[in-house]
Amino acid sequence: VCTYNILIDRLCKVEKLNEAIEVFDSMVDRGIEPELHTYNSLLAGLYKANRSSDAIKLFKSLRHGNLQPDVVTYNVMISGYFKHGEIEKATELLREMNSEGLKPDKFTYTTLIHFVSQARDLKAAQEVFEAIDKSGPSPDILQCITLMDCLIKNGKLEEARKLFDDIPGKGLVPDVVTYNTMLDVLCKNKKLSEAKEWLIGMEAKGCSPNAFSFNTVILGLLCGNEVEDAVRLLQTMLERDFSPN
RNA sequence: CCAUUUGACCA
């Protein structure tokens with residue numbers, strides 16, 4: 001069974017979905033019970049291939065079987081619905097998961113914030129965030145980032161900065177992505193020199209920049225006509241085996 | 001010490 005799970009998962013990742021399904025079927029034919037992981041992998045694969053109807057079918061067959069969907073299963077389904085704009089279905093699933101006594105976890109929350117931020121519903125995003133802040137376990141760093149991103153996209157750059165300053169106060173440590181998000185803020189704000197300082201500063205704090213960091217700053221420099229610096233950064237980037245974009 | 005599944009940042 002382990003072998004099958006790995007196989008199916010790998011096939012999904014390589015986007016050889018049909019083969020994954022074949023393997024899945026042959027598993028069933030042999031009387032091997034797929035476990036929840038198997039379903040979850042397959043569901044995620046189906047959504048990546050935009051085959052939501054198949055995913056829904058699979059989800060239903062799972063529930064009619066003797067397996068209980070777990071939080072992961074719901075998360076996959078919910079984000080899948082969101083991606084296809086089926087908001088009502090997604091919220092319906094949320095309710096359902098509550099009634100089954102399953103608690104939304106940080107993945108669920110991040111998905112929620114992400115979605116409302118895409119809908120440019122800043123208020124809703126902040127509400128979700130505050131709800132998490134109060135009720136649940138301390139907000140995940142990803143939730144802060146997602147909210148920051150939402151603020152940026154709505155032009156509230158200063159608030160995004162403020163949120164960043166709050167992060168250490170919540171007992172969270174800014175990670176690479178947090179820095180990347182801030183770099184993005186600074187570039188969009190035309191604070192290029194600050195962005196460059198941050199790029200150096202984050203490294204000094206033991207947080208090595210990744211390809212995203214470089215891409216963000218290089219792009220910012222180019223927009224600000226600081227081509228020379230951009231080129232210099234590009235070279236640094238190549239020295240570190242990052243591929244430019 | 002290690003099998004597999006879901007969320008975030010540039011483009």
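In this text, all values refer to a predicted model and were calculated from it rather than measured experimentally. Chain letters run A, B, ... following the sequence lines, proteins first, then strands; residues in each count from 1.
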Under 6.0 Å from the CD atom of Glu100(A), do we count more than 12 heavy atoms belonging to anything else shown?
yes
Measure from CG on Leu94(A) to C1' on U6(B) and round the result to the nearest Å.
14 Å
Please determine whether a side-chain nitrogen or oxygen atom of Lys13(A) lies at a distance below 4.0 Å from atom OP1 or OP2 of U5(B).
yes
Go through A8(B), U6(B), C10(B) for me and flag the one nearest to the Leu219(A) side chain.
C10(B)
Nucleotide of U4(B), U6(B), A8(B) approaching Val72(A) most closely (side-chain heavy atoms)
U6(B)
Result for side chain to side chain contact (heavy atoms under 4.5 Å, CB included) between Pro209(A) and one of Tyr179(A), Phe214(A), Trp198(A), Phe242(A) points to Phe214(A)
Whole angstrom is fine here: how far is it from CE in Met237(A) over to C1' in A11(B)?
11 Å
Between CE of Met77(A) and P of U6(B) the distance, given in whole Å, is 15 Å
Check the orientation of His84(A) and Tyr47(A). Use parallel for under 30°, tilted for 30 to 60°, and perpendicular for over 60°.
tilted
Rounding to an integer number of Å, can you tell me how far Ile78(A) CD1 sits from U6(B) P?
15 Å
Heavy atoms within less than 4.0 Å of RNA chain B: which residues of residues 34-51 of chain A have one? Give them sorted by number.
His37(A), Asn40(A), Ser41(A), Ala44(A), Lys48(A)
By ring-ring contact (aromatic ring centres under 6.0 Å, His included), which residues pair with Phe115(A), not counting sequence neighbours?
Phe82(A)
Give the rounded distance in Å between these two atoms: CD of Gln118(A) and P of A8(B).
9 Å
Between Val71(A) and Met97(A), does a side chain to side chain contact (heavy atoms under 4.5 Å, CB included) hold up when you go through it step by step?
CA-CA 8 Å; Val71(A) 187; Met97(A) 122 184 228; 4.0 Å; yes
Here's a test for you: under side chain to side chain contact (heavy atoms under 4.5 Å, CB included), which of Leu43(A), Ile6(A), Asn5(A) qualifies with Thr38(A)?
Asn5(A)
Hey, does the side-chain of Thr111(A) have a donor or acceptor N/O within less than 3.5 Å of a partner on the base of G7(B)?
no
In whole angstrom, what separates Asp149(A)'s CG from C10(B)'s C1'?
10 Å
